[in-house]
S.K.: 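Below is a structure I'd like to ask you about.
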Amino acid sequence: MADNNEHVMTIRHSLAHLLAAAVLQMYPGAKNAIGPAIDDGFYQDFDLPEAVSDDDLAKIEARMRDILKTWGAFTRKEVGIDEARQQFSWNPYKLELAEDLAREGAQLTFYTSGDFVDLCRGGHVQDAHEISPKAFRLTRVSGAYWRGDQSKQQLQRIYGVAFETPEELKAYLQMVEEAKRRDHRKLGQELDLFTFSDLVGAGLPLFTPRGTILRRQLDAFVQGMRDEYGYQEVAVPHITKKDAYIASGHWKKFQDELFRITTREGHEFAMKPMNCPHHTQIFASRVRSYKDMPQRYRETTMCYRDEQSGELSGLSRVRAFAQDDAHVFCRTSQVEEEALKIWDIVDRFYGTFGFELRVRFSTHDPAHPEGYSGSAEQWASTEAQLLSIVKQKVGDKYTDGVGEAAFYGPKIDFMAKDALGREHQVATIQLDFNQPEGFDLTCINENGEKERVVMIHAAIMGSIERFLSVYIEHVAGRFPVWLAPEQVRIITLNQQENVVRYADELAGKAKLLGLRAIVDSDNESVGKKIRSAELMKIPYTVVIGDKEIESGQLQPRIRKDMEVGETAEPRTVEEFLKTVANEAKSRVNKTSL
RNA sequence: GCCACCUUAGCUCAGUUGGCUAGAGCACCGCUUUCGUAAAGCGGGGGUCCGGGGUUCGAAUCCCCGAGGUGGCUCCA
């Protein structure tokens with residue numbers, strides 16, 4: 001999706017200038033701030049005397065097209081700070097940028113197109129005629145803080161999308177439409193997977209029976225793999241004294257985001273926002289020999305974070321979520337082997353769903369040491385250790401995420417590319433040398449000495465909610481048989497007693513094979529019941545009438561996406577059930593009938 | 001939390017510039033029908049027009065406060 005070829009980026013950046021020119025003409029007193037090219041388009045920030053709404057975008061767009069006709073080449077001019085001060089005396093944002101750049105010793109440049117002059121470092125098209133007036137569109141307005149700083153003035157940001165050709169714009173808009181059709185919030189409602197209640201609260205999803213089946217299946221898959229690698233399940237309470245978070249270091253950084261509880265005796269507790277402190281105390285509950293290392297704990301459990309209301313969104317960002325969490329307590333010498341095992345699980349898990357993974361090596365930001373615990377030496381050594389694992393695994397096919405580390409250590413983050421080409425951060429492997437110190441975690445080594453251990457945090461799905469939000473959209477709600485909340489819909493042709501009885505018996509046989517089958521014996525036409533099963537995206541539908549009872553053969557209808565014909569050849573009941581049961585067991589993505 | 005926009009039945013949405021007992025389709029319930037692979041017919045129930053306050057002879061409609069949602073910003077252990 002991200003189209004980053006250089007020419008289109010110059011088009012986008014030039015359009016930001018054009019947008020600024022249009023808005024400055026239309027809104028006297030308007031001041032433009034920054035306006036870069038971004039994936040898919042561009043934006044421009046403004047300080048405006050009045051609020052722009054979505055309805056105004058068409059007018060602004062029309063003005064942009066008018067101005068575009070009058071523009072020719074973009075001309076560059078090197079200027080000194082005094083000239084910049086003079087030119088932008090009306091615009092405090094440009095002035096601030098100019099002063100900062102001058103202080104850094106950078107060469108200031110003006111770019112002029114038509115009669116619009118902007119302080120800018122460049123990256124425009126040579127000539128404005130390279131911009132197709134039919135290949136861009138303004139899409140939305142939003143608020144944005146000056147210089148991305150919450151404490152500073154909020155500006156109005158206008159976003160646009162832009163491409164080299166109108167055809168590319170059209171394809172992009174179609175992709176956006178497709179994304180709307182697949183929106184997990186919409187599908188969650190339509191497929192009866194989860195819901196929200198104003199009484200329960202924002203950001204607190206409630207999973208229906210169907211949605212809960214999905215959660216269970218996914219979780220069993222992840223945790224089953226962990227068991228293969230020697231993990232042991234643990235269980236902990238969902239509240240803790242605040243002391244645990246003071247020791248872990250979380251209190252300092254995240255105390256505002258905790259749901260706090262004061263007991264009747266005045267003690268301060270918090271709903272757990274993560275599980276590491278609890279798990280450390282299981283590790284610390286007895287003296288550990290080096291022979292017992294590593295200790296690998298796994299647990300799928302709810303966490304609670306008091307996120308800002310404006311950040312909540314469907315299942316992507318919630319206040320209560322289930323982490324498929326695991327912590328490995330190991331010796332420094334065991335880190336590599338353990339991390340590679342986790343990486344295996346990540347590969348197996350995402351490979352099953354057809355996600356392509358990209359790796360990000362997330363390190364601390366040396367420019368802002370205040371955001372991290374631990375010494376510079378410790379960061380250097382853990383980052384080196386993690387980097388060697390990354391290189392061993394993917395060579396140089398990873399991206400650097402400077403400043404993306406957790407406060408307690410560096411991470412390997414995995415980004416999954418979905419069916420529409422969008423990337424989402426999913427799994428993570430985190431190396432933590434700080435909490436073992438905070439909780440004084442040790443094992444006794446070969447020399448009888450206490451040895452500091454290392455913690456590895458690893459979530460495969462991240463959270464079940466977030467993974468579901470990505471996955472529902474990835475498959476557009478068409479779950480493979482092993483995940484489908486309802487795998488087989490058994491429709492009765494009519495309501496004759498023998499037909500309904502046969503359908504119920506078939507459902508019974510399916511259940512004995514571990515399948516999820518539901519009988520629809522409503523007093524509705526067959527067509528209506530078929531339609532209903534299709535809308536619920538149920539993988540297999542069979543119709544039962546006298547013909548099936550006499551022949552013992554079924555003619556299954558198969559959900560369309562499975563790249564198989566709509567209606568399969570007839571086969572015996574036993575054959576059909578065996579095939580479906582095998583698919584469910586083997587976690588294949590496609591039907592095999 | 002901040003900016004903009006939005007909220008009418010379980011769902012999707014109509015509802016003229018403020019003016020009758022607030023509507024439709026689907027869903028749900030009942031009756032008729034007993035049907036062959038994407039919607040059978042008829043009837044019925046269901047609303048504190050998100051909540052509270054205000055303006056007005058009169059508010060779903062205008063104003064204020066709050067809740068929830070959407071798109072961004074900020075944040076994300």
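For the numbers below, each heavy atom of this structure counts, side chains included, while hydrogens, waters and symmetry mates do not. As the structure is a computational prediction, the values presented were derived from the model and not from experiment. Reminder, nothing fancy here: chain letters follow the sequence lines and each chain counts from 1.
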S.K.: Taking atom C1' in both A9(B) and C50(B), what distance in whole Å separates the two?
M.R.: 14 Å

S.K.: OP1 or OP2 of A40(B) less than 4.0 angstrom from a side-chain nitrogen or oxygen of S525(A), does that happen here?
M.R.: yes

S.K.: Just the table, please: protein N/O against nucleotides 44-47 of chain B N/O, every pair under 3.5 Å.
M.R.:
none

S.K.: Rounded to the nearest angstrom, tell me the gap between atom CG in L57(A) and atom C1' in G71(B).
M.R.: 12 Å

S.K.: Taking CG from L535(A) and C1' from A39(B), how many angstroms apart are they, rounded to a whole number?
M.R.: 9 Å

S.K.: Does a distance-only test, which skips hydrogens and angles, find a donor-acceptor pair under 3.5 Å between the side chain of Q156(A) and the base of G72(B)?
M.R.: no

S.K.: Note every stem involving RNA chain B: at least three consecutive Watson-Crick or G-U wobble pairs, i with j then i+1 with j-1, with both distances under 3.5 Å.
M.R.: B:1-7 with B:67-73, B:10-13 with B:23-26, B:28-32 with B:40-44, B:50-54 with B:62-66

S.K.: Looking only at atom P, what distance separates G45(B) and C62(B), rounded to whole Å?
M.R.: 32 Å

S.K.: Would you say the base of G72(B) and the side-chain of Y145(A) have a donor-acceptor pair closer than 3.5 Å?
M.R.: no

S.K.: Please write out each protein N/O paired with an N/O of nucleotides 68-70 of chain B under 3.5 Å, distance rounded to 0.1 Å.
M.R.:
{"unit_1": "G68(B)", "atom_1": "O2'", "unit_2": "D198(A)", "atom_2": "OD1", "d": "3.4"}
{"unit_1": "U70(B)", "atom_1": "OP1", "unit_2": "R185(A)", "atom_2": "NH1", "d": "3.0"}

S.K.: Below 4.0 angstrom from OP1 or OP2 of C73(B), is there any side-chain N or O of R147(A)?
M.R.: no

S.K.: Listing time: all N or O pairs from protein to nucleotides 5-12 of chain B that are below 3.5 Å?
M.R.:
none

S.K.: Between protein and nucleotides 75-77 of chain B, what N or O pairs are separated by less than 3.5 Å?
M.R.:
{"unit_1": "C75(B)", "atom_1": "O2", "unit_2": "E311(A)", "atom_2": "OE1", "d": "3.0"}
{"unit_1": "C75(B)", "atom_1": "O2", "unit_2": "E311(A)", "atom_2": "OE2", "d": "2.9"}
{"unit_1": "C75(B)", "atom_1": "O2", "unit_2": "R317(A)", "atom_2": "NH2", "d": "2.7"}
{"unit_1": "C75(B)", "atom_1": "N3", "unit_2": "R317(A)", "atom_2": "NH1", "d": "3.1"}
{"unit_1": "C76(B)", "atom_1": "O2", "unit_2": "R317(A)", "atom_2": "NH1", "d": "3.3"}
{"unit_1": "C76(B)", "atom_1": "O2", "unit_2": "R317(A)", "atom_2": "NH2", "d": "3.4"}
{"unit_1": "A77(B)", "atom_1": "O2'", "unit_2": "Y408(A)", "atom_2": "OH", "d": "3.3"}

S.K.: Using whole Å, report how far NZ of K547(A) lies from P of U34(B).
M.R.: 20 Å

S.K.: Mark yes or no for a side-chain to base donor-acceptor pair under 3.5 Å between D546(A) and U34(B), with no hydrogen or angle criteria applied.
M.R.: no

S.K.: Tell me if the aromatic rings of Y408(A) and Y372(A) count as close, with their centers under 6.0 Å from one another.
M.R.: no

S.K.: Take atom C1' in U74(B) and the same atom in C3(B), then report the distance between them in whole Å.
M.R.: 12 Å

S.K.: If I pick the P atom on U21(B) and the same atom on C5(B), what distance separates them, to the nearest angstrom?
M.R.: 33 Å

S.K.: Enumerate all atom pairs, one protein N or O and one N or O from nucleotides 24-26 of chain B, separated by less than 3.5 Å.
M.R.:
none

